[in-house]
Undergrad: 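Pasting a structure below so you can have a look.
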Amino acid sequence: MDLTGLLRDRSLRLAVTGLSGSGKTAFITSLVANLIGAAGHPGRLPFLRAAAESRLVEVRAQTSPHPEVLPFPLDGTVAALAADPPQWPSSTTDLRRVDLSVRYIPASFFGFGRPLGRAGAGIAELNLEILDYPGEWLLDLPLLEQSYADWSRGVLELAASGARASLAHDWLEFLAGHPARSRSDAMTARRAHELYRRFLETARMQEGLSLLQPGRFLNPGRLTGDPLLEFCPMPGVAEVRPSPGSLAAVMESRFDAYKRGVIRPFFSQLARRVDRQIVLVDVLRALNAGEEAFTDQARALETILQAFRFGRRGLLRWLFGARIDRILFAATKADHLPALQRDHLESLIADMVAVPRLRAERAHATAVATALASIRCTEDGTDTIDGRRVDVVIGLPQGGQRRIRFFPGIVPMAKPPTGFWGERFTEFPVFQPPRIDAAAANGIPHVNLDKVLDFLFADALS
Ligand code: GDP
C-alpha cells in the first residue's frame, strides 16, 4: 500500500483581529517570517511541536490575487523592519489576506515524538489562509439585535458619561438644532454623521477609549466615503416612530441598510469561513491611559466576547453557526515588561476574558489567553531605584541614540480595584524594533509566538 496516499492535504483559516494599534501587522509579519525561518531550524520556535520535532519541511508565502480581499503587504512590512534604522510597518485599516503553504511531515505517520528520517517520508501540505481585519468591526455584532431607537438610546446614555460628555458636545448641539422630526436633507444627515464620527475619533485618539460604534465609522475600509455610512444615533427617536421624510427616518433606514448590507454579511462570512481566531489586545496601552480607558477596553472586550463565546451563549454561533473551534486572546507588546510582569499580564488578560491562561490545560481548552510580543525589542535586566533592586527591560527608544533601562511599574494580575488608579500608570516608550535581514530568513525575535502558534495549529500539523 502506498502510505503517502493516506496523507491528506488540508486548509485552515486563521483570522487575526484586534482594535487599531493592537499589533496585528506586527503579529502577521512575525508569524510569517518565523514560520518560514523555522523550516530546517528546529530551535527557532521551540514550543511549536512541528518545528521542534524537525517536521517543518518548507514554508512559503503565496501571493495569489483575490478579487475581494487586498493582499497583506508582506514585502513592505518586512522591508520596514529591514531598513536602517528599522521602522515599524504601517497598521491595518482594512481586510487583508496572506496565504502560506506549509509542507510538513505528519507526526501520526511515524508515531509521535520519534526522531524522523526524511528520506522517503510522506509530506503533507497545510494551506494556511491568514485574514487580518480591524477588531472595530466586531463591535457591531450587538447592533444586529438592536433597533435604531434602542441603539440610539444606548449610545446617548454612554455619551453623557465620563470623558465622552465634553467630547460629544458639538455633535449633540448640532442635533439639538436639527431634531428627529425635522425634515431631512442630504447635507444635514452628512453633517450630523461627520460630527458624530469626529466625536468617536477624538474619544479614541485623545482618551484611548475603545467602545466606539459603529466599527466602520472609524475603520471604513472599502466603505470610505460611502453615503451608506451617513447616519448617527439621535435623541428623541425612542418615543415616536419617525415620520416619513424626517431626519430620524433617514437615519433609521441607513442604520437598517448598514446592518443588512455590512454587518450581517461580514459576520456570516466570519462564522462560515474561519476555523481559528486570535484577538490581540493592547492591555498595556489601556493601563497607561487610566481607569476610564481601561474600563472601556474591558467593555469593548465583553462585546467582542459575545461573538466568540462557545456554546449557546455565543451570539455569532447562534445567529450564523460557527466553525471557529479555537480562539486565543493575546495581550500584546509584552516586551515592555520583564519576565515576572509578563506573567502578571497573562493573568490579567485571562481574568478580563475569563478563560484559562495558555500554559494551563492548553491541550483541552478551546479558548485561552496569553501575553505575547510579536516583535521583541528589549531584553530583561535589573536596575536600582531608591536603593531597591527592580526588574527592568532594556531597549532603544524609537529615534533615540542610547538604550534605556525601563521600569514599567507593577501590572495587576486581575482587573484592578479602584484604588489602583491613584497615580497614572507609567507612560510606555515606543521601542525601536530589532533589525532583521531583508529576506527575514533568520526569523524575528519574539516572546511566546511559538506557544501561540502551537495552540492555533498543532492539530493541523500533527
Ligand atoms: P495594528 O494597527 O493592529 O496593525 O497594529 P501594529 O501591528 O501596526 O502595531 C502598532 C504599534 O504597536 C507598532 O507600530 C509598534 O510601535 C507597536 N508594537 C506592535 N507589536 C509590538 C511588539 O511586539 N513589541 C513592541 N515593543 N511594540 C509593538
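Note that ligands are numbered from 1 as they come in the structure, with each ligand's atoms numbered from 1 the same way. We use all heavy atoms of the structure for the numbers below, so side chains are in, but hydrogens, waters and symmetry mates are not.
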Undergrad: Would you check whether Gly23 has a nitrogen or oxygen atom less than 3.5 angstrom from a nitrogen or oxygen atom of ligand 1?
TA: yes
Undergrad: When only distance counts, is Ile375 in polar contact with ligand 1, meaning an N/O pair under 3.5 Å?
TA: yes
Undergrad: Among Leu449, Val393, Asp335, whose heavy atom sits nearest atom 25 (C) of ligand 1?
TA: Asp335
Undergrad: Would you kindly specify which portion of Gln398 sits under 4.0 Å from ligand 1, judged on non-hydrogen atoms: side chain, backbone, both or neither?
TA: neither
Undergrad: Can you find an N or O of Phe431 that's nearer than 3.5 Å to an N or O of ligand 1?
TA: no
Undergrad: Starting from atom 8 (O) of ligand 1, locate the nearest protein heavy atom and write down its residue, its atom name and how far away it is, to 0.1 Å.
TA: Ser91 OG, 2.7 Å
Undergrad: Distance to 0.1 Å, residue and atom name: give those for the protein heavy atom nearest to atom 2 (O) of ligand 1.
TA: Gly21 N, 2.8 Å
Undergrad: Using only heavy-atom distances, determine whether the side chains of Thr366 and Arg326 contain a donor-acceptor pair under 3.5 Å.
TA: no
Undergrad: Please say which of Leu345, Val411, Thr332, Asn288 ends up in a side-chain contact (heavy atoms from CB on, under 4.5 Å) with Val283.
TA: Leu345
Undergrad: Before we go on, tell me: are the rings of Tyr148 and Phe231 under 6.0 Å apart, centre to centre?
TA: no
Undergrad: Between His336 and Phe431, does the ring centroid distance fall short of 6.0 Å?
TA: yes
Undergrad: Tell me the closest heavy-atom pair linking Arg10 and Ala460, and the distance in Å.
TA: NH1-CA, 3.6 Å
Undergrad: Indicate yes or no: does an N/O atom of Ser20 lie under 3.5 Å from an N/O atom of ligand 1?
TA: no
Undergrad: Heavy atoms only: give me the nearest Gln213-Leu143 pair and the separation to one decimal.
TA: NE2-CD1, 3.7 Å
Undergrad: Does ligand 1 have an atom that lies less than 4.0 angstrom from a heavy atom of Gly18?
TA: no
Undergrad: Measure the shortest side-chain to side-chain distance between Pro214 and Trp151 over non-hydrogen atoms and say whether it is less than 4.5 angstrom.
TA: yes
Undergrad: Do you know which of Leu270, Thr17, Leu95 makes side-chain contact (heavy atoms from CB on, under 4.5 Å) with Trp137?
TA: Leu95
Undergrad: Quick one: nearest non-hydrogen protein atom to atom 4 (O) of ligand 1, plus distance?
TA: Thr25 OG1, 2.5 Å
Undergrad: Mark up the atoms of ligand 1 that fall under 4.0 Å of a heavy atom belonging to Val430, in ascending order.
TA: 16 (O)
Undergrad: Suppose we measure from atom 11 (C) of ligand 1 to each protein heavy atom; which comes out shortest, and what is that distance?
TA: Lys333 NZ, 3.9 Å
Undergrad: Can you sort out which atoms of ligand 1 are near Ser374, meaning under 4.0 Å from one of its heavy atoms?
TA: 23 (O)
Undergrad: Which protein non-hydrogen atom lies closest to atom 28 (C) of ligand 1, naming both residue and atom, and how far is it?
TA: Trp88 CH2, 3.4 Å
Undergrad: Here's one to test your reading of the geometry: is the NZ or CZ of Arg299 within 45 degrees of the ring axis of Phe294 and under 6.0 Å from its centre?
TA: no
Undergrad: Is Ser90 close to ligand 1, meaning an N/O of one under 3.5 Å from an N/O of the other?
TA: no
Undergrad: Closer than 4.0 Å to some heavy atom of Ala26 - which atoms of ligand 1 meet that?
TA: 7 (O), 19 (C), 20 (N)
Undergrad: Establish, for the pair Arg276 and Phe457, whether the NZ or CZ atom is under 6.0 angstrom from the six-membered ring centre and no further than 45 degrees off its axis.
TA: no
